Amino acid sequence: MIYQALEIIKDQASNYLEAQLQTAGLVVLENIAKLDEPGFNTITDKVVLTLINMEEEVTLKNQPTSYIRNDETHYKNQPIHLNLYVLFSVNRTGYDNSLNALSTVIEFFQSKKIFTNANTVLNPAIPALAEVTEFKLTVDLYTPTFEQQNYIWGTLGGKSIPNAMFKVTLVKIDSSRLLQKGTQISSAESTALPI
């Protein structure tokens with residue numbers, strides 16, 4: 001669901017930027033570390049969405065591992081809920097164009113910060129989204145410190161370009177695999193003798 005979540009965000013942001021800036025296909029899902037790679041031009045004059053980090057949402061970790069369906073007890077590991085840290089890096093020709101696009105990205109997430117299957121129309125042209133039926137993603141602006149920002153760009157191996165980082169919360173990873181099935185306990189009997 002990580003890839004699908006990022007595709008949803010990329011597609012929605014791309015539609016908004018296209019309407020506001022009159023430029024089609026502006027947002028791409030790619031590794032910004034390839035910015036200085038010779039011959040790699042798919043991120044030239046683009047807004048690049050890159051996954052920087054992820055963490056488990058530990059507050060949702062202690063959930064029951066069994067449920068009852070059709071008088072059977074099903075045992076299953078609980079879903080993993082992730083927070084994704086994504087970076088929108090603006091690599092437009094002209095610094096003014098980059099800053100304008102960055103402002104538009106921030107404006108988009110200010111106007112729509114929650115993405116659900118009820119308020120988001122998925123693009124049928126993206127095959128990975130065909131099986132996505134239920135989702136809820138919350139996108140918040142995340143501001144790293146100067147030191148963290150320097151570390152991020154040092155790790156990515158490039159010079160800093162106009163960018164904004166966002167935290168995407170509650171990306172749900174859930175396998176449908178059952179661990180075990182069993183019959184439901186309906187009564188208890190005791191063989192203990194009275195004292």
Side-chain angles (χ1 to χ4, degrees), residues 1-21 23-34 42-43 46-65 67 76-91 101-145 148-149 152-153 155-156 161-177:
M1 184 61 189
I2 295 171
Y3 172 67
Q4 290 85 345
L6 294 180
E7 276 290 350
I8 291 167
I9 290 168
K10 179 205 75 150
D11 186 56
Q12 295 294 302
S14 185
N15 292 341
Y16 187 83
L17 266 69
E18 182 175 341
Q20 297 299 315
L21 303 177
T23 305
L26 195 57
V27 182
V28 294
L29 179 59
E30 189 58 73
N31 186 354
I32 193 63
K34 295 181 178 181
T42 59
I43 57 178
K46 299 288 183 184
V47 175
V48 183
L49 171 61
T50 305
L51 175 65
I52 297 296
N53 197 9
M54 67 180 133
E55 68 183 0
E56 184 177 6
E57 181 61 54
V58 293
T59 58
L60 296 175
K61 201 168 184 164
N62 294 327
Q63 301 291 322
T65 58
Y67 59 94
K76 181 178 180 259
N77 288 334
Q78 286 304 306
I80 294 175
H81 295 85
L82 297 175
N83 296 322
L84 307 178
Y85 292 88
V86 297
L87 185 69
F88 278 87
S89 307
V90 186
N91 187 32
L102 182 61
S103 295
T104 307
V105 167
I106 294 170
E107 178 184 294
F108 169 65
F109 289 113
Q110 183 274 326
S111 66
K112 183 176 182 179
K113 67 181 280 179
I114 299 174
F115 299 82
T116 66
N117 48 309
N119 73 359
T120 305
V121 178
L122 299 181
N123 187 344
I126 303 172
L129 302 182
E131 296 179 15
V132 176
T133 56
E134 187 178 334
F135 62 93
K136 181 178 181 183
L137 307 171
T138 304
V139 181
D140 291 307
L141 185 63
Y142 178 81
T143 309
T145 64
Q148 291 169 331
Q149 185 87 344
I152 289 167
W153 283 101
T155 302
L156 294 173
I161 60 175
N163 65 84
M165 187 176 285
F166 293 88
K167 181 179 180 181
V168 181
T169 58
L170 298 183
V171 175
K172 183 178 176 182
I173 308 288
D174 190 10
S175 169
S176 59
R177 188 174 82 91

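The basis for the numbers below is simple: all heavy atoms, side chains too, and nothing from hydrogens, waters or symmetry mates. Keep in mind the model is a prediction, meaning the values are calculated, not measured.
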Student: Restricting to non-hydrogen atoms, name the atom on Thr104 and the atom on Gln20 that form the minimum distance, rounded to 0.1 Å.
Tutor: CG2-CB, 3.8 Å

Student: Using atom types as modelled and distance alone, determine if a side-chain donor or acceptor of Gln12 lies under 3.5 Å from a backbone N or O of Ile9.
Tutor: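 The answer is no, because no donor-acceptor pair under 3.5 Å joins these two groups.
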
Student: Testing the basics here: between Glu56 and Leu82, what is the closest heavy-atom pair and its distance to 0.1 Å?
Tutor: CA-CD2, 4.1 Å

Student: For Val90 and Val47, which heavy atoms make the closest approach, and how far apart are they?
Tutor: CG1-CG2, 4.2 Å

Student: Please find the pair of heavy atoms, one from Ile43 and one from Lys34, that lie closest to each other, and give the distance.
Tutor: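 Between these two residues, the closest heavy atoms are CD1-C, 3.9 Å.
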
Student: Would you find a donor on one side and an acceptor on the other, under 3.5 Å apart, between the side chain of Lys46 and the backbone of Gly25?
Tutor: yes

Student: Angle class for the Phe88/Phe166 ring planes (parallel below 30°, perpendicular above 60°, tilted otherwise)?
Tutor: perpendicular

Student: In the structure I gave you, are the side-chain heavy atoms of Val28 and Thr42 within less than 4.5 Å of one another anywhere?
Tutor: no

Student: Could you go through Phe115 and Val139, starting from their C-alpha distance and side-chain angles, then the distance that decides it, and tell me whether this counts as side chain to side chain contact (heavy atoms under 4.5 Å, CB included)?
Tutor: CA-CA 8 Å; Phe115 299 82; Val139 181; 3.6 Å; yes

Student: Should Glu18 and Leu26 count as side-chain neighbours, where that means a heavy-atom distance under 4.5 Å?
Tutor: no

Student: So which heavy atom on Asp140 is nearest to which on Thr138, and how close?
Tutor: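 Looks like OD2-CG2, 3.9 Å.
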
Student: Give a yes-or-no answer on whether the side chains of Asn83 and Glu57 include a donor-acceptor pair shorter than 3.5 Å.
Tutor: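 Judged by distance alone, the side chains do pair up.
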
Student: Can you check whether Glu55 reaches Lys167 side chain to side chain, under 4.5 Å on heavy atoms?
Tutor: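 Yes, at least one pair of side-chain atoms sits under 4.5 Å.
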
Student: What distance do Ile52 atom CD1 and Asn163 atom CG have between them, rounded to the nearest 0.5 Å?
Tutor: 8.5 Å

Student: Considering only heavy atoms from C-beta outward, does the side chain of Ser103 approach that of Phe108 to under 4.5 Å?
Tutor: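 Result no, sub-4.5 Å side-chain heavy-atom pair not found.
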
Student: How long is the gap from OG1 on Thr120 to CG on Leu137, to the nearest 0.5 Å?
Tutor: 8.0 Å

Student: Can you check whether Met1 reaches Gln4 side chain to side chain, under 4.5 Å on heavy atoms?
Tutor: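 The answer is yes, as the side chains (C-beta and beyond) meet within the 4.5 Å cut-off.
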
Student: Mind checking what makes ring pair (Phe, Tyr, Trp, His ring centres under 6.0 Å) contact with Tyr142, not counting sequence neighbours?
Tutor: Tyr85

Student: Heavy atoms only: give me the nearest Tyr3-Ala128 pair and the separation to one decimal.
Tutor: CE2-CB, 3.2 Å

Student: Tell me whether Asn91 contacts the main-chain N or O of Val48 through its side chain, where contact means a donor paired with an acceptor under 3.5 Å.
Tutor: no

Student: What distance separates Lys10 NZ from Leu17 CG, expressed to the nearest 0.5 Å?
Tutor: 12.5 Å

